[in-house]
Amino acid sequence: LLLILIASISRATNPPLTFTGTEIEEQVFIADTHCMNVSAGPTQKMNLFQSVTSALDNTLAGDPTAVIFGEDVAFGGVFRCTVGLRDKYGKDRVFNTPLCEQGIVGFGIGAAAAGATAIAEIQFADYIYPAFDQIVNEAAKYRYRSGNMFDCGKLTIRAPWGCVGHGSIYHSQCPEAFFTHCPGIKIVVPRGPVQAKGLLLSCIADQNPCIFFEPKILYRAAVEQVPTEAYQIPLSQAEVLQEGSDLTLVAWGTQVHVLKEVAAMAQEKLGVSCELIDLRTILPWDTETVCKSVVKTGRLLISHEAPVTGGFAAEISSTVQEECFLNLEAPISRVCGYDTPFPHIFEPFYIPDKWKCFEAVKRMINY
Amino acid sequence: MVNIFAYFIRYPNSVRSKILGCDLHRLDEGPSVQTVLTREDGLRYYRTMQTMRRMELKADQLYKQKIIRGFCHLYDGQEACAVGIEAGISPTDHLITAYRSHGYTYTRGVSVKEIMAELTGRSGGVAKGKGGSMHMYAKNFYGGNGIVGAQVPLGAGVALACQYQGKNEVCVTLYGDGAANQGQIFESFNMAALWKLPCIFICENNKYGMGTSVERASASTDYYKRGDYIPGLRVDGMDVLSVREATRFAADYCRSGKGPILMELQTYRYHGHSMSDPGVSYRTREEIQEIRSKSDPITMLKDCMISRNMASLEEIKDIDATVRKEIEEAAQFATSDPEPPLEDLCKHIFYNDAPLEVRGTHPWMRLKSIS
């Protein structure tokens, strides 16, 4: 047993040398089996982009003021999230915009302020920066600065997010940290189709401007049985996917699946019982669930693809050490991307894969 | 065998050629409709365009074999623009473009070998394998830019530097029909016109911004008029001589201190927007075929030279064979060159005198950024 342990640990510290860049693609998406109680009713096998289409379909059907716009959404979108909607609901409700992100979001804020349920699509999260001023200075502050007379709560911005194996600098970014520094907006990242549909419908219904980041690598890879009717998953509630007693793992989006594997590895190779939490809503985040978990386990590991400095793990880490200082058995670990632009050829080395997370788990256990 | 023929056959050294006039905006006179094409120039343009064409087709092949990964935006069909522009300016002038940049990288002096190695992400690439398809650079060539429209204010800035340094240089700033609707383009127009910057704004209108045709994206498809107070001309971008004359005209305009000028090149791309786009869901195959058969820039130049007796068919075939060989060798290099070492992941983030520790994925392994 000891030999197996040593062998497995040495394998963990010496990750496989052949990186063909397909590590991520080969990663297995394991469908959630326990959250089927989000909604009763008929379900259908859907992948992530289909679940988004379903959510948008439900919205356009139930809300006559709903409109969807963005670059190339009319034919179905570059990730096929809006397929069929224009034919079904008309070209005055699902329409293309020219190539102008600042214009798209500004336009969306105006439409929302005038009473339309505006769902804007930014083609890649990497392109959201021209709209940063509109989101931070206009959307987030509209209600506050008008003393609740005006608001753009009916605005939802959707954007594909995260690494995809070959996206390089401008098709792989995770910009959630930039926006978390801005009170007035909500930021949500789902981990799979069932979550995505429920969370997106909640964002659309929510009376505040929301940014919904969709992990693009999961668009096709993640397949689940998703209820066809509309349903909502509450915002600002993290979900405990797996209960454990020794260590808390926190992530969101694609990284949740990486940590699922890490939890299994930790149980199998180290006998360590991990509690896995999907944060779901990044802003405002569920401090209570995370802190309660850390009080129980005493150890916390947070992981995200975005660079470590100023990444959202820093905020979680800081809050947890404030609330749970005396409960901590080991320093809080952050396993995140390097402080470099998202690389082209170096992607397999850059991302916080399961080996790096497992190594962090080991160090915390042996602290 | 062919070379011996070349000694015996007398070719005219140059011919006068008539080119299409340009539509003008706020200009009394446009570029000359008569131009002189020398045999040497003609063969050089042909060779350059053919190299670019074969390079792009090779990149297509390598992408489908998954040797090139990431995003790859091919330039075939638009060769006349890059070659014509380069012929109209000098190597000391500056150029910046968007992501469909392999052609410009070549005309600005980077070898095919380095371009292909950059596409495959190897250390022999022009950006040492760290940039990929969209980020290739050379002297006086500022890339290669991924974010649509972001390169235009940069180009205006380079033009300011040209004006400030007083070396009589101009900056050619390219963007596409899709980018023409970005706000920062108009900000750049205003600054360039206000301060009379020697900036040639060029809109390469290939009729589709990704999958959206120009009619569906723009309220006005007269891109050469979009500069409003900036004079503009619309040029046939499939004819290398038209592009050359127009660029010469524009460069003279800028060098004389009159301020910026806007050129619209009407051109066409055969491939889809990128390698993930088949390119036929928003346009018909017939349309592509028609352009290929009637307005292909390389074919047009070849026909012009052969019909005016400036080159023989054998010579052209010779050039084709040499080009093919060069591309093969470059592809060979690109597939066999080693990838950059892991330390390069963190190099060149900042400029720093002492190596700077880069915070990594976990606190016990740090790499250094050396610059």
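Hydrogens, waters and symmetry mates are skipped; everything else that's a heavy atom, side chains included, is used. First the proteins, then the strands, lettered A, B, ... as listed; each starts at 1.
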- Query: Non-hydrogen atoms of chain A under 4.5 Å away: do they reach the side chain of B:Asp344, the backbone, both or neither?
  - Reply: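 For B:Asp344, heavy atoms of backbone and side chain both lie under 4.5 Å from chain A.
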- Item | Engaged part of B:Ala150 at the chain A interface, taking heavy atoms whose separation is under 4.5 Å |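 No part of B:Ala150 comes within 4.5 Å of chain A.
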- Aromatic ring proximity, centroids under 6.0 angstrom, B:His273 and B:Phe71: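 No, too far apart.
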- Indicate, with yes or no, if the rings of A:Phe124 and A:Phe79 have centres closer together than 6.0 Å.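 Between A:Phe124 and A:Phe79, the centre distance is under 6.0 Å.
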- Message: Report which part of A:Glu71 has an atom under 4.5 Å of a heavy atom belonging to chain B: side chain, backbone, both, or neither.
- Response: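 Contact with chain B involves no heavy atom of A:Glu71 at all.
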- Message: Quick check on A:Gln123 against chain B: is it the side chain, the backbone, both or neither that has a heavy atom closer than 4.5 Å?
- Response: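 Interface part for A:Gln123: side chain.
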- Message: With a 4.0 Å cut-off on N to O distance, would you call A:Glu359 and A:Lys356 a salt bridge?
- Response: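 Salt bridge flag = no for A:Lys356 with A:Glu359.
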Using a distance-only test with no angle check, is there a side-chain donor-acceptor pair under 3.5 angstrom linking [X] and [Y]?
{"X": "A:His171", "Y": "A:Tyr127", "value": "yes"}
{"X": "A:Gln173", "Y": "A:Glu305", "value": "no"}
{"X": "A:Gln255", "Y": "A:Ser303", "value": "yes"}
{"X": "B:Lys64", "Y": "B:Gln61", "value": "no"}

- Could you tell me whether the side chain of B:Glu56 and the main chain of B:Tyr75 form a donor-acceptor pair under 3.5 Å?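 Indeed, once roles are kept as given, a pair shorter than 3.5 Å links the two residues.
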- With chain B, which of A:Pro343, A:Cys100, A:Ser172 has the greatest number of heavy-atom pairs at distances under 4.5 Å?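 The option with the most such pairs is A:Cys100.
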- Query: What parts of residues 213-228 of chain B touch chain A if we use heavy atoms and a cut-off under 4.5 Å?
  - Reply: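 The stretch touches chain A at B:Arg216, B:Ala217.
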